[in-house]
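Owing to the predicted nature of the structure, the values given are computational and were not obtained by experimental measurement. Hydrogens, waters and symmetry mates play no part in the numbers below; they use all other heavy atoms, side chains included.
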Amino acid sequence: MGLMHYYAQHLISEGITANAIPPALIDTDIIAALSGIPITIPIGRFGTPEEVAEVAVMLACNGYITGQTINVNGGLYLA
């Protein structure tokens, strides 16, 4: 997060924004191979790659958001 904040501060003068998207468990082949993972995500399911992609596209289309962390985690916060 510190590196992202550094980039956000130092690259904005070049018109470059920097943000972070930390996802929780996303329904991919790797997750499918790990049988027996209890779903402890408050929303009750794994996220989809499309849901992460939607956030990435939103950030790419918005030149005013910078230095932010958008958690795509279904309500699950890892400490």
K.L.:
Please tell me whether I31 and I41 are part of a single hydrophobic cluster in this structure, the criterion being side-chain heavy atoms less than 4.5 Å apart.
P.N.:
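Per the 4.5 Å side-chain linkage, I31 and I41 are co-clustered.
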K.L.:
Is any side-chain heavy atom of T48 less than 4.5 Å from a side-chain heavy atom of I26?
P.N.:
no
K.L.:
What are the two closest non-hydrogen atoms of A18 and T66, and how far apart are they?
P.N.:
N-OG1, 3.1 Å
K.L.:
Report yes if some heavy atom in the side chain of M1 is under 4.5 Å from a heavy atom in the side chain of P22; otherwise report no.
P.N.:
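Yes, their side chains come closer than 4.5 Å.
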K.L.:
So, does E14 use its side chain to make a donor-acceptor pair with the main chain of L11 at under 3.5 Å?
P.N.:
no
K.L.:
Can you see which heavy atom on G74 is nearest to which on P42, and at what distance?
P.N.:
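Looking at all heavy atoms of both residues, the shortest contact is O-CD, 3.5 Å.
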K.L.:
Report whether Y7 and M4 are members of the same hydrophobic cluster (ILVMFWY, side-chain heavy atoms less than 4.5 Å apart, transitive linking).
P.N.:
no
K.L.:
When you measure from the side chain of N19 to the backbone of I65, do you find a donor-acceptor pair of N or O atoms at a distance under 3.5 Å?
P.N.:
yes
K.L.:
Which residue is it: V55, N71, V52? I am looking for the one with a side chain to side chain contact (heavy atoms under 4.5 Å, CB included) to P23.
P.N.:
V52
K.L.:
Let me confirm one number: the CD1-CD distance from I43 to E51, rounded to the nearest 0.5 Å.
P.N.:
7.0 Å
K.L.:
Do V72 and L59 share a hydrophobic cluster, counting only Ile, Leu, Val, Met, Phe, Trp and Tyr and linking them when any side-chain heavy atoms are less than 4.5 Å apart?
P.N.:
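Yes: a chain of side-chain contacts under 4.5 Å links V72 to L59.
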K.L.:
What are the two closest non-hydrogen atoms of P49 and T28, and how far apart are they?
P.N.:
CG-CG2, 4.4 Å
K.L.:
Could you state the interatomic distance from CE (M58) to CD1 (I21), rounded to the nearest 0.5 Å?
P.N.:
7.5 Å
